[in-house]
Novice: 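This structure is in structure tokens; I'll ask about it shortly.
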Amino acid sequence: MLTDLHVRDLGVIEDLALEFAPGMTALTGETGAGKTLVVEALQLVLGGRANPGIVRAGASDALVEARFVVGQGAGAHEVILTRSVPAEGRSRAWVDGRMAPLGALGEAAAELVEIHGQHEHRALVTPTAQRNVLDAFAGTDLSRVRAIRSQLHALDEALAGLGGDAQQRAREADVLRYQVDEIARANLEDPDEEASLLLQEDRLADAAAYRDAALEALELVDPSGEGGAIDLLGRAGGALAGRASFEGYHGRLAAAAVELSDLARTLRDEVESWEDDPQGLADVQERRRLLAELRRKYGEDLGAVIAYGREGARRLAALENAEGEAARMQAEREVRSSELADAEAAVRSVRARAAGSFGELVGERLGALAMAGARLEVRVAPEGAGEPIELALGANVGEAVQPLARAASGGELARAMLAIRLVGLGGPQTMVFDEVDAGVGGAAALALGEALHEVGTDRQVLVVTHLAQVAAQADAQISVVKGQSRGRTVTTATAVQGEERVTELSRMLSGHPDSDVARAHARELLGASHGQ
């Protein structure tokens, strides 16, 4: 519900603050006084298009602030929307005191206010809004349709997660199968294998030189005659033998002799066993080439190649299992699709049955609102859940029935929206009607006022009106007056009650607020409207 509206430097409005209550509030005043500017201010704060020309002459910008109370009781909370329109440059927006994109105001508008008038009647012309108003009337239960659609969405996501369609999965599996097999056939176990292969290749490529080096070392350590390192160690040990003070050195020489004798045996084995092995060299070189090729394809080192093989095997197993899983989910999807078709058909049937009676009831309301012969058709699509749902209006007898947005003038369309809300209810808590009384008078004006008051029994209704019959039905009335201050035109607005309201209604009735006849008529209207 709109509780407060503050407007500064907007057209003839210098600084205006209004408070609003629940129920129906009428904004009245002479033509040109600025009543419509109040509606334009609301349109601005709800994200409407801004024309810099609306900024009051001499002001740097126009500012509109609106406070709404959403919900009731302990769950109620405030929403404060602000819009600044500069004389030059781009406008700015705030939501609850924080800067926000202009679109945020429009998003809030859909939940807070519905405006109907000569230039603003978007609320019920969207397919979503028209579907919602019919469903509110019909009591349509969409829970099963939504649940099955959610299940289908989950199945589609799961199928997509398997890796595309069956052909894509088959192609991926073939590639992975080859890669996993290629890595498996290489029997990779040691991430450092290439380093040991490099040593083997070096030895095999120069086997004679290695054998000669080992023989030379053997001759120096343990030659066939005397004079080798082992012999020299034995002689050194003999020189120290029996010397108690040198017992430690003697022992170390003996240990060195044992170690050197073991080394000599190893060198002798190398000399006797190491022969040229061209095939062994070729095998080592081929192995190194294979490992380099695997690194080029699958990783920067053998550790990465091994990891790639393991992950590939896991993914391959998943793909091989995917065919069965895909078949299971596809079968489930077919079952759910059949269930969805049945559920949508049931919803379509509910909507189609309600469409006729809804249109008839709205037509009756239109007749009472000075639109005799007007008719509303509710068109339900013949497939699926019946969407899109379209409201089409024939505003006058003999005219074609057209989609709501193109079917009527601003005043007629506003009355059509009023009739729809009277029958369908729903929608935001605050409704604004501007020029809804265009072309209406007499008994139809009374009926229009009664209809607006009826809507105001369970929501807030703001109506800009020239008709006393409509204004008298309101729970509250605000008089908008254009005057002068400091040599400039200024619009003010004041809530009128008691005799002040009688005076304003008298002005609306006859143009003579002091007329005794007009004042008597005004009191009669107020008494009839409020049971006085």
Side-chain angles (χ1 to χ4, degrees), residues 1-8 10-43 45 63-69 78 80 112-113 115 117 429-437 448-450 452-485 489-509 511 513-514 518-519 521-532:
M1 182 185 75
L2 176 66
T3 61
D4 299 271
L5 181 67
H6 175 220
V7 185
R8 174 176 57 76
L10 181 70
V12 294
I13 297 176
E14 182 179 39
D15 198 316
L16 183 65
L18 294 173
E19 295 182 1
F20 297 96
M24 177 182 171
T25 298
L27 282 82
T28 61
E30 296 281 4
T31 300
K35 302 184 301 297
T36 299
L37 274 177
V38 175
V39 178
E40 290 183 9
L42 270 176
Q43 291 172 354
V45 85
L63 181 72
V64 183
E65 297 174 293
R67 182 195 307 271
F68 296 87
V69 174
E78 290 187 346
I80 300 176
L112 298 172
V113 181
I115 299 179
Q429 187 60 31
T430 298
M431 297 181 66
V432 180
F433 291 91
D434 183 23
E435 304 293 343
V436 69
D437 55 8
L448 176 60
E450 290 171 356
L452 288 164
H453 189 268
E454 181 180 347
V455 174
T457 57
D458 66 351
R459 72 185 70 208
Q460 184 183 49
V461 173
L462 310 181
V463 55
V464 177
T465 181
H466 292 279
L467 296 178
Q469 295 94 325
V470 172
Q473 297 282 347
D475 301 297
Q477 184 170 347
I478 295 174
S479 174
V480 181
V481 178
K482 183 165 64 175
Q484 291 187 355
S485 175
T489 301
V490 176
T491 288
T492 59
T494 307
V496 291
Q497 298 176 345
E499 287 301 308
E500 290 181 342
R501 188 171 184 185
V502 170
T503 300
E504 175 63 8
L505 289 174
S506 299
R507 181 200 61 76
M508 297 174 71
L509 285 166
D514 297 326
R519 295 178 72 85
H521 190 187
R523 289 191 179 92
E524 181 183 357
L525 286 175
L526 287 171
S529 301
H530 300 280
Q532 299 174 356

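Hydrogens, waters and symmetry mates play no part in the numbers below; they use all other heavy atoms, side chains included.
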Novice: Between Ala471 and Ala26, which heavy-atom pair has the shortest distance, and what is it?
Specialist: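 So the two residues come closest at CA-CB, 3.9 Å.
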Novice: Could you tell me the separation between the CZ atom of Arg459 and the CE atom of Met1, rounded to the nearest 0.5 Å?
Specialist: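 That separation rounds to 14.0 Å.
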Novice: Do the side chains of Arg501 and Glu504 get close enough for a salt bridge, i.e. N-O under 4.0 angstrom?
Specialist: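 No, no charged N to carboxylate O under 4.0 Å.
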Novice: Going through the checks in order, is the side-chain contact (heavy atoms from CB on, under 4.5 Å) test met by Ile115 and Val39?
Specialist: CA-CA 8 Å; Ile115 299 179; Val39 178; 4.0 Å; yes
Novice: Could you go through the side-chain contact (heavy atoms from CB on, under 4.5 Å) check for Val38 and Val7 one step at a time?
Specialist: CA-CA 8 Å; Val38 175; Val7 185; over 6 Å; no
Novice: Between Gln473 and His453, is there a side-chain donor-acceptor contact under 3.5 Å, judged purely by atom types and distance?
Specialist: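 Distance-only check fails for His453 and Gln473.
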Novice: Looking only at heavy atoms, what is the nearest atom pair of Ala472 and Leu526, with distance?
Specialist: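 Nearest pair, atom of Ala472 first, then Leu526: O-CD2, 4.0 Å.
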Novice: Do the non-hydrogen side-chain atoms of Val12 and Val490 ever get within less than 4.5 Å of each other?
Specialist: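 Sidechains of Val490 and Val12: no contact.
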Novice: Would you check if Leu16 and Leu37 make a side-chain contact, meaning some heavy-atom pair closer than 4.5 Å?
Specialist: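 They are not in contact (no side-chain heavy atoms under 4.5 Å apart), so the answer is no.
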Novice: With rounding to the nearest 0.5 Å, note down the distance linking OG1 in Thr494 to CG in Leu18.
Specialist: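 Between Thr494 OG1 and Leu18 CG, I get 9.0 Å after rounding to 0.5 Å.
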Novice: Looking at side-chain heavy atoms only, is the closest gap between Val480 and Thr28 below 4.5 Å?
Specialist: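 Result no, sub-4.5 Å side-chain heavy-atom pair not found.
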Novice: Drop me the distance from Thr3's OG1 to Ile80's CD1, to the nearest 0.5 angstrom.
Specialist: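 One finds 8.0 Å between OG1 of Thr3 and CD1 of Ile80.
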Novice: Please give me the minimum heavy-atom distance between Ala41 and Leu10, naming the atom from each residue.
Specialist: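 Taking every non-hydrogen atom into account, CB-CD2, 3.8 Å.
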Novice: Assess whether a salt bridge exists between Glu78 and Arg67, defined as any Lys/Arg side-chain N lying under 4.0 Å from an Asp/Glu carboxylate O.
Specialist: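 So Glu78 pairs with Arg67 through a salt bridge.
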Novice: Any side-chain heavy-atom pair from His6 and Asp15 closer than 4.5 angstrom?
Specialist: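 Answer yes - side chains close enough.
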Novice: Flag the pair Leu452 / Phe433 as yes when at least one side-chain heavy-atom distance between them is below 4.5 Å, and no otherwise.
Specialist: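 Contact flag for Leu452/Phe433 side chains = yes.
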Novice: Under the criterion side-chain contact (heavy atoms from CB on, under 4.5 Å), I'd like the reasoning laid out for Val64 against Leu5: C-alpha separation, chi angles, the key distance, then a yes or no.
Specialist: CA-CA 7 Å; Val64 183; Leu5 181 67; 3.9 Å; yes
Novice: How far does OG1 of Thr465 sit from CG of Asp434, to the nearest 0.5 angstrom?
Specialist: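 The CG atom of Asp434 is 10.0 Å from OG1 of Thr465, to the nearest 0.5 Å.
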Novice: Just wondering, do Leu42 and Val432 contact through their side chains at under 4.5 Å, heavy atoms?
Specialist: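 Yes, their side chains come closer than 4.5 Å.
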Novice: Taking the side chain as every heavy atom from C-beta outward, state whether Met24 and Val470 have any atom pair closer than 4.5 Å.
Specialist: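 Met24 vs Val470: side chains touch.
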Novice: Could you tell me whether the side chain of Thr25 reaches within less than 4.5 Å of the side chain of Ile478, counting heavy atoms only?
Specialist: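 Yes, side chains in contact.
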Novice: Between atom CG of Leu505 and atom CZ of Arg519, what is the distance when rounded to the nearest 0.5 Å?
Specialist: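 Here the rounded value is 10.0 Å.
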Novice: Once you round to the nearest 0.5 Å, how far does CE of Met508 lie from OG of Ser479?
Specialist: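 Met508 CE to Ser479 OG: 9.0 Å, rounded to 0.5 Å.
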Novice: Is Glu30 paired with Lys35 through a side-chain N to carboxylate O contact shorter than 4.0 Å?
Specialist: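 A salt bridge is absent here (no side-chain N lies under 4.0 Å from a carboxylate O).
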Novice: In sequence, state the C-alpha distance, the side-chain angles, and the governing distance for Arg523 and Glu499, and then conclude on salt bridge (Lys or Arg N to Asp or Glu O under 4.0 Å).
Specialist: CA-CA 9 Å; Arg523 289 191 179 92; Glu499 287 301 308; 2.8 Å; yes
Novice: Given side-chain contact (heavy atoms from CB on, under 4.5 Å), test Met431 with Val455 step by step and report yes or no.
Specialist: CA-CA 9 Å; Met431 297 181 66; Val455 174; 3.8 Å; yes
